[in-house]
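First comes the structure, then the notes that go with it.
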Protein chains: 2
Amino acid sequence: MLLAVDMRDHETDKVTMGDIARASGVSPMTVSRVLSNNPSVKEAHRKRVLAVAKRLNYHVDIIARQLRAQHTFQLGVVAPFRGLVGTYYFGQILQGIQQVLTGTDYHIALYDSLSEDFNDIPKCVNLCHERRVSGLIVVAPELSAKFPKTFASLKMPIIVVGSSMGRQGVSYVDVDNYGGACLLTEHLIELGHTRIGFVSGRADLRDASQRELGFRKTMEKHGLPVVAEWIIQGEYEARKAFQVSMNLLAKSDRPTAIFAANDQMAYGVIDAARILGLQVPEDLSVGGFDDIQSSAEFVPALTTVGQPMLDLGLVAARYILDVLSKTNTAVLHRKLPAQLVTRSSTAMPNQPQRSATSDDPLSKISRINQG
Amino acid sequence: MLLAVDMRDHETDKVTMGDIARASGVSPMTVSRVLSNNPSVKEAHRKRVLAVAKRLNYHVDIIARQLRAQHTFQLGVVAPFRGLVGTYYFGQILQGIQQVLTGTDYHIALYDSLSEDFNDIPKCVNLCHERRVSGLIVVAPELSAKFPKTFASLKMPIIVVGSSMGRQGVSYVDVDNYGGACLLTEHLIELGHTRIGFVSGRADLRDASQRELGFRKTMEKHGLPVVAEWIIQGEYEARKAFQVSMNLLAKSDRPTAIFAANDQMAYGVIDAARILGLQVPEDLSVGGFDDIQSSAEFVPALTTVGQPMLDLGLVAARYILDVLSKTNTAVLHRKLPAQLVTRSSTAMPNQPQRSATSDDPLSKISRINQG
DNA sequence: AGAGATTTTGGTATCGATACCACAGCTTCA
DNA sequence: TGAAGCTGTGGTATCGATACCAAAATCTCT
């Protein structure tokens with residue numbers, strides 16, 4: 001009765017608990033108990049069942065388990081593919097999520113909130129709900145995203161990443177872009193800069209507008225002028241920033257410091273400054289935002305605002321898991337602090353007289369190749 | 001008996017087909033038929049059932065359907081998160097996949113092949129198999145990826161993206177990186193260049209080595225020298241490329257053209273050239289690879305090799321769906337052609353005598369600001 | 001009108017794992 | 001020795017949708 005030889009062995013994988021039960025002379029229930037580590041089963045049976053399961057190359061049928069448990073163990077991640085997937089920011093969030101999920105039974109189900117089927121987030125969230133995801137992380141950096149209160153009534157944990165939802169009962173985790181921008185602006189002001197320009201990011205993204213707001217408010221707070229011509233559009237792209245800052249820096253009436261709303265654009269600004277013969281940070285201080293990997297190695301090493309992108313994913317995923325395990329039931333409203341990272345692309349501005357002799361950037365051009 | 005009023009209405013969503021059946025006076029089977037568009041059901045019943053389903057806010061229980069159908073409608077996508085997620089390349093592939101999936105019942109389940117649980121691809125593939133994904137797309141740009149033949153014996157369609165699998169029975173779709181590199185090299189040679197440098201990509205990535213090979217073979221084919229000092233490591237990063245090409249271009253014995261293994265590095269090379277006072281393309285032709293979005297707008301517009309990244313995703317997803325629907329059962333070995341995109345960053349090399357007078361790059365430095 | 005063909009409907013079993021209850025076998029103590 | 005307690009084990013029902021078959025309802029034609 002024991003260990004009836006099964007010639008199919010590793011071949012077919014339609015092996016069920018019933019098969020194992022038959023082959024090891026116990027009931028399916030006992031098999032189920034063994035495989036779910038229920039302690040109330042005799043050691044002899046346990047060993048035999050495990051051996052048979054291994055021999056038959058058994059794997060639980062996840063679907064049946066899901067049906068019984070009414071739980072898919074899928075963590076839905078909703079994001080606008082166009083524009084977000086393929087960015088470092090989103091990649092880091094995904095890695096954070098995966099780090100939390102590794103070792104659990106959960107995995108990521110990815111949905112495009114811009115798919116032509118459902119051109120807005122609520123529709124996509126409903127789809128996920130119908131698909132019975134266990135929890136949902138909505139990555140929504142767009143300004144236009146609408147989040148109806150009905151989200152809160154869905155019978156699943158849900159959290160928004162990258163958008164602060166105000167007073168609504170929806171959980172979110174976001175980076176404090178406003179505060180981060182204040183930090184960098186304060187830093188530049190403390191160094192003695194009063195003529196500061198700003199390269200803004202994509203107008204449709206929430207974080208971009210928050211960074212610009214932080215810059216403006218801090219300038220106002222210190223009674224410093226925000227010069228309209230010194231606020232230029234960089235679209236979050238190094239190239240675009242390069243082009244627009246070429247124009248700005250070529251003028252004789254130019255700022256002594258520039259705050260770029262992300263690091264890539266800061267690179268673009270520095271490239272432009274180099275070409276125009278301006279030394280960074282001697283003639284121009286440049287600050288960025290994000291602290292992407294290359295910014296530490298960049299020459300000059302970039303002063304920037306560190307954004308805990310990985311943490312966004314970690315916090316969001318951990319929150320969902322906590323709610324699912326009933327550890328936490330509260331609505332989460334969390335702004336992760338951004339950190340000022342001071343490196344060598346910012347310094348005190350040159351003395352006025354010195355700056356006067358060098359109004360023409362071309363006069364300095366040879367210096368770049370001698371340094 | 002008809003239309004018994006249900007006060008719960010939209011509240012709870014534990015509505016089953018049985019509930020609808022009861023509320024509309026038919027059997028669960030008829031409800032099932034109506035909801036799966038089976039034509040053999042009387043129009044009166046159909047209308048009543050649909051009305052009730054809507055009123056009760058019914059949604060099929062996907063899990064139960066899956067169990068019955070033995071099919072999860074999940075398309076597994078396996079990729080090394082670290083290094084790949086967050087790249088434009090992977091973003092495009094994902095978008096391609098999603099485009100095919102939009103409108104179908106399938107959706108993406110994302111798995112990290114580098115998760116600490118299973119540090120190699122076969123383990124991750126097994127996990128997906130256990131999780132009963134309906135099909136699997138393995139994105140594997142690394143050189144080290146091992147693909148045992150056992151993949152072919154898994155009872156699910158599987159395709160590898162970004163690695164040509166040689167003679168093994170595993171399907172793949174890849175871009176013809178080798179051929180693309182040949183195209184660009186030929187282009188430079190046709191323009192009259194004989195002194196050509198190469199900025200290589202990440203040594204661990206398959207595509208990078210293929211591009212370099214294409215360059216080398218084409219040079220050899222034309223009897224041109226591959227100068228060791230002119231093959232420099234750019235790691236696929238603009239910054240790195242900028243640094244190493246600064247060194248290379250500052251020498252008096254420098255190439256007249258540089259082929260960078262991706263567009264970002266080409267940007268870096270061009271930036272370096274600018275700073276050294278070299279005009280592109282007059283003094284230096286620069287070609288890239290990938291044709292990323294910004295390359296068309298770049299100044300000068302970049303000559304590059306267009307890589308159909310979106311198509312990788314499209315072809316892979318379409319293949320899986322075809323196999324699942326039995327439309328196709330053959331193993332797919334497909335290399336998508338890369339396309340030469342000629343823009344303004346490449347041109348005929350300067351005449352030798354002219355090049356002789358300008359051995360010192362500094363002599364040209366003022367030109368950049370006058371153009 | 002009634003036999004036969006056709007459309008429409010409902011009952012039952014099934015997918016595979018597992019919660020719950022009941023009970024067999026064994027131990028412990030009055 | 002028998003009642004009470006404990007441990008292991010198996011039977012049955014359930015999660016919700018649907019394939020399959022049989023039965024009912026309807027239609028067709030002589």
Side-chain angles (χ1 to χ4, degrees), chain A residues 1-2 12-50 52-53 56-74 105 129-134 155, chain B residues 1-2 12-50 52-53 56-74 105 129-134 155:
Chain A
M1 177 199 268
L2 309 178
T12 110
D13 51 345
K14 263 295 179 248
V15 188
T16 78
M17 287 193 174
D19 297 333
I20 298 182
R22 221 167 303 119
S24 49
V26 294
S27 78
M29 265 320 297
T30 301
V31 176
S32 170
R33 276 187 270 257
V34 169
L35 295 177
S36 56
N37 285 317
N38 185 321
S40 70
V41 68
K42 264 204 297 202
E43 195 52 29
H45 283 171
R46 148 167 280 110
K47 279 174 68 176
R48 199 157 73 230
V49 166
L50 286 176
V52 174
L56 298 185
N57 191 30
Y58 172 82
H59 295 293
V60 209
D61 186 312
I62 305 275
I63 311 175
R65 198 212 280 287
Q66 285 177 357
L67 177 60
R68 193 64 249 251
Q70 289 296 307
H71 200 228
T72 56
F73 294 95
Q74 283 183 38
D105 284 335
H129 190 233
E130 289 169 25
R131 295 261 226 247
R132 299 275 197 277
V133 298
S134 300
K155 303 273 184 320
Chain B
M1 177 200 269
L2 309 178
T12 111
D13 51 346
K14 262 297 178 251
V15 188
T16 78
M17 285 194 175
D19 297 333
I20 298 182
R22 221 167 304 116
S24 50
V26 296
S27 77
M29 265 319 297
T30 301
V31 175
S32 171
R33 275 187 270 256
V34 168
L35 295 176
S36 55
N37 285 318
N38 186 321
S40 71
V41 64
K42 262 204 301 198
E43 195 52 29
H45 284 170
R46 149 168 279 112
K47 278 174 71 176
R48 200 156 73 230
V49 165
L50 287 176
V52 173
L56 299 184
N57 192 28
Y58 171 83
H59 294 293
V60 209
D61 186 312
I62 305 275
I63 311 175
R65 200 214 277 289
Q66 287 177 356
L67 177 61
R68 192 62 247 249
Q70 290 295 308
H71 199 202
T72 57
F73 294 95
Q74 283 183 39
D105 286 334
H129 190 232
E130 289 170 25
R131 294 260 224 252
R132 299 274 197 277
V133 298
S134 299
K155 301 273 182 319

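Quick note on labels: first sequence line is chain A, next is B, and so on, each numbered from 1.
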Nearest atoms (heavy-atom pairs only) where [X] meets [Y]:
X       : Y       : answer
B:Val15 : B:Asp19 : CA-OD2, 3.3 Å
B:Met17 : B:Leu35 : CE-CD1, 3.8 Å
A:Ala21 : A:Ser27 : CB-C, 3.6 Å

Every protein N/O lying under 3.5 Å from an N/O of nucleotides 8-11 of chain C:
unit_1: C:dT9; atom_1: OP1; unit_2: B:His45; atom_2: ND1; d: 2.3
unit_1: C:dT9; atom_1: OP2; unit_2: B:Lys42; atom_2: N; d: 3.0
unit_1: C:dG10; atom_1: OP2; unit_2: B:Ser27; atom_2: N; d: 2.9
unit_1: C:dG10; atom_1: OP2; unit_2: B:Ser27; atom_2: OG; d: 2.9
unit_1: C:dG10; atom_1: OP2; unit_2: B:Thr30; atom_2: OG1; d: 2.6
unit_1: C:dG10; atom_1: N7; unit_2: B:Arg33; atom_2: NH2; d: 2.7

Gap separating the [atom1] atom of [X] from the [atom2] atom of [Y], nearest 0.5 angstrom:
X        : Y       : atom1 : atom2 : value
A:Ser40  : A:Arg46 : OG    : CZ    : 8.5 Å
B:Thr72  : B:Ile63 : OG1   : CD1   : 12.0 Å
A:Asp105 : A:Gln66 : CG    : CD    : 10.0 Å

* Asked: Under a criterion of less than 4.0 angstrom to any heavy atom of chain B, what are the 5'-terminal and 3'-terminal contacting nucleotides of DNA chain D?
  ->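 The contact span of chain B on DNA chain D goes from D:dG16 to D:dC20.
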
* Apply ring-ring contact (aromatic ring centres under 6.0 Å, His included) to B:Tyr58 and list each qualifying residue two or more places apart in sequence or on a separate chain. =>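 With sequence neighbours excluded, B:Tyr58 shows a ring-ring contact (aromatic ring centres under 6.0 Å, His included) to no residue whatsoever.
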
* When all nucleic acid strands are considered with a 4.0 Å heavy-atom cut-off, which category describes A:Arg68: base, sugar-phosphate, or nothing? -> base

* side-chain contact (heavy atoms from CB on, under 4.5 Å) involving A:Gln70 - partner list, sequence neighbours excluded -> A:Leu67, B:Lys14, B:Asp61

* To do: Using the test side-chain contact (heavy atoms from CB on, under 4.5 Å), find all partners of A:His71 that sit at least two apart in sequence or belong to another chain.
  => A:Ala69, A:Phe73, A:Tyr106, A:Ser134, A:Leu324

* Close side-chain approach of A:Val49 and A:Val26, heavy atoms under 4.5 Å ->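 The answer is yes; the side chains approach within 4.5 Å.
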
* the helix from C:dA1-D:dT30 to C:dA30-D:dT1: angle between end helix axes, five pairs per end, rounded to 10 degrees -> 50°

